Number of protein chains: 2
Amino acid sequence: MGYRVDMTPATTSARPPGRPRSGVNDVVFAATLSTVHELGYARATVDRIAAAAGVAKTTIYRRWPSKGALIVDCLLDAFGPVPLQGTSRSELMSSAIHWIAAKIGEPGVGDAFAGVFSDAISDPALREVLSARLQDPYRLALQDALGEPENRVLFFIDVVVGTLLHRLGMTGVPMVDSDVAELVQMVLPHFGGDADLT
Amino acid sequence: MGYRVDMTPATTSARPPGRPRSGVNDVVFAATLSTVHELGYARATVDRIAAAAGVAKTTIYRRWPSKGALIVDCLLDAFGPVPLQGTSRSELMSSAIHWIAAKIGEPGVGDAFAGVFSDAISDPALREVLSARLQDPYRLALQDALGEPENRVLFFIDVVVGTLLHRLGMTGVPMVDSDVAELVQMVLPHFGGDADLT
DNA sequence: TAATTTCGCTACCTCAAGTATCGATACCTA
DNA sequence: TAGGTATCGATACTTGAGGTAGCGAAATTA
């Protein structure tokens, strides 16, 4: 039960023979988010996602080896790169927190994030994919931008993402702006504030 | 699909006729935690829990209407009352954080907590039970002890529990003591520290 | 035209939550 | 001691979701 997410055929320089894949990945991603948004993570079955995308279920399983892998790719697509804006450490951290809070607030994104995260609890293979493909890139970007060691950035991510997801999971509603602002106010002093600029 | 957790027959002053229930609730709780600890939340099926407890599956469904309800009751039993120790606000908050961190570190407890929490994301009825039976008592106790309004205590819980569960879910290992200590160091100043004693 | 690959479609397998039923058992009351 | 009642274990079942197998049709290259 491998979690190799990228099932794109090995890209050789020459175009391989046979029928090329139709470019419906984006349609599937959109259908995934909208289905998760409307029905919740557990009721957003692969059958329903396929139907919403106007695609056969088998087509989805040809491209992603599992529902979890599909969600991870969908989230990667939804998140995009971290916009690390600002010159001071405070501005960088603050922008990162507001960015992830906004993403989690987008329809379907927060539910999909929390859902795949919860599946990973009892699925070490999925946890590996989640960590390597979704968390590590952002963690490395933060390490680089902030000049903090790995364990401190991991702690930062645990606090920010954990808090946002716990609120969403417990209430069903994403954190409001004032609470996100309070989160920023709590986190920044602990991580050095404006002491040193980049 | 009701989530009425307490399926104990309505207690009248007179003892009802018929065969009384065998006192195996504690055995079922212990079997639940050990099974979740060994297999993870998703693979800890009700069949397996029943087998581990030496009880028929139907007996479990006579006492709890769903797996989620069983887990909630199991966690209530495992957590017990919050030991709010100390006289200063800092001591109270610090003891509460260390207490929940230790509970989440107990074998099976953290996995069961994270598991039922994640099920609740796409199950509003279970979320209601989780909030009312598991979170509200502790939230009220904290409000009373700290003299903080509801929204601030909710934020406190989101930060502490969210952070601990995110670490557990992402790594499969509970937070180590040094990280819990750092969490305390980060949270306490934001919530007023030692400013006013109780 | 032939080879190759993806497409949609249908049927299927496995597993887990939850339900139904039944004879056996334990308790109370008369 | 006999009868009523509710729980017990055991078995079988239903429902739904993840995931697979195999088919003929369609799209591309050589």
Side-chain angles (χ1 to χ4, degrees), chain A residues 1-4 7-25 27-28 32 35-36 39-71 115-116 118-120 122-123 125-126, chain B residues 1-4 7-25 27-28 31-32 35-36 39-71 115-116 119-120 122-123 125-126:
Chain A
M1 199 192 286
Y3 271 103
R4 181 168 56 89
M7 292 182 84
T8 305
T11 45
T12 61
S13 53
R15 190 171 183 176
R19 174 175 179 170
R21 286 192 168 172
S22 58
V24 292
N25 277 23
V27 179
V28 174
T32 301
T35 307
V36 168
L39 304 176
Y41 183 78
R43 297 178 56 192
T45 67
V46 178
D47 285 272
R48 278 192 254 255
I49 291 172
V55 153
K57 180 168 76 159
T58 45
T59 295
I60 290 185
Y61 278 105
R62 270 183 214 108
R63 303 184 183 206
W64 295 277
S66 68
K67 178 180 176 179
L70 166 63
I71 301 287
V116 71
S118 64
D119 277 357
S122 31
D123 186 340
L126 177 57
Chain B
M1 199 193 283
Y3 270 103
R4 181 169 53 90
M7 293 183 81
T8 306
T11 44
T12 60
S13 53
R15 189 171 184 175
R19 176 176 178 171
R21 287 192 167 171
S22 58
V24 292
N25 276 24
V27 179
V28 174
T32 301
T35 306
V36 168
L39 304 176
Y41 183 78
R43 296 178 59 192
T45 67
V46 177
D47 286 273
R48 276 192 256 256
I49 292 171
V55 154
K57 181 168 76 160
T58 45
T59 296
I60 290 185
Y61 277 104
R62 270 184 214 106
R63 303 184 183 206
W64 297 276
S66 69
K67 178 181 176 180
L70 166 64
I71 302 286
V116 71
D119 277 358
S122 31
D123 185 340
L126 177 58

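Chain naming here is simple, since letters A, B, ... match the order of the sequence lines and numbering starts at 1 in each. Owing to the predicted nature of the structure, the values given are computational and were not obtained by experimental measurement.
Ser22(A) comes within 4.0 angstrom of sugar-phosphate atoms only, judged by non-hydrogen atoms across all strands, and of no base. Nucleic acid contact for Arg48(A): sugar-phosphate only, since backbone atoms but no base atoms lie under 4.0 Å from a heavy atom of the residue.
Side-chain proximity of Arg19(B) to the nucleotides dA21(D), dA17(D), dA26(C) is greatest for dA26(C). Nearest nucleotide to the Val46(A) side chain, out of dA17(C), dA27(D), dG18(D): dG18(D). The Thr45(B) side chain lies nearest to dA16(C) when the options are dA16(C), dG8(C), dC8(D). The Pro17(B) side chain lies nearest to dT5(D) when the options are dG9(D), dG18(C), dT5(D). Taking the side chain of Arg62(A) as heavy atoms from C-beta on, and the options dA17(D), dC8(D), dC7(C), the nearest nucleotide is dC7(C).
Distance alone, capped at 3.5 Å, is enough to place a donor-acceptor pair between the Arg48(A) side chain and the Arg43(A) backbone.
Atom pair Tyr61(A):OH and dA21(D):C1' shows a separation of 14 Å (rounding to whole Å applied). Distance CG (Leu126(B)) to C1' (dG18(C)): 15 Å, rounded to an integer number of Å. Straight-line distance from the CD1 atom of Ile71(B) to the P atom of dA17(C): 10 Å, rounded to whole Å. Across the protein-nucleic acid pair, Arg21(A) atom CZ and dC7(C) atom P stand 6 Å apart, rounded to whole Å. When the P atom of dT7(D) is taken as reference, atom CG of Asn25(B) falls 13 Å away, rounded to whole Å. For the pair Lys67(B) NZ and dG16(D) P, the computed distance is 19 Å after rounding to whole Å. Rounded to an integer number of Å, the gap from NZ of Lys57(B) to P of dA20(C) is 13 Å. Put simply, CD1 on Ile60(B) is 15 Å from P on dA16(C), counting in whole angstrom units.
Contact of the Thr32(B) side chain with the Leu70(B) side chain is registered, since non-hydrogen atoms from C-beta on lie closer than 4.5 Å. Side-chain contact between Val28(A) and Arg63(A) is absent, with no heavy-atom pair separated by less than 4.5 Å. With contacts defined as side-chain heavy-atom distances shorter than 4.5 Å, the pair Tyr41(A)/Val116(A) qualifies.
Close to dC7(C), at under 4.0 Å from its OP1 or OP2, lies a side-chain N or O of Arg63(A).
Projected onto DNA chain D by closest heavy-atom contact, Gly18(B) and Ala56(B) fall at different nucleotides, the more 5' of which corresponds to Gly18(B). With DNA chain C read from its 5' end, the first of the two nearest nucleotides for Asp47(B) and Pro20(B) is the one closest to Asp47(B).
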List the steps, then state whether side-chain contact (heavy atoms from CB on, under 4.5 Å) holds for Ile49(B) with Ile60(B).
-> CA-CA 9 Å; Ile49(B) 292 171; Ile60(B) 290 185; 4.1 Å; yes

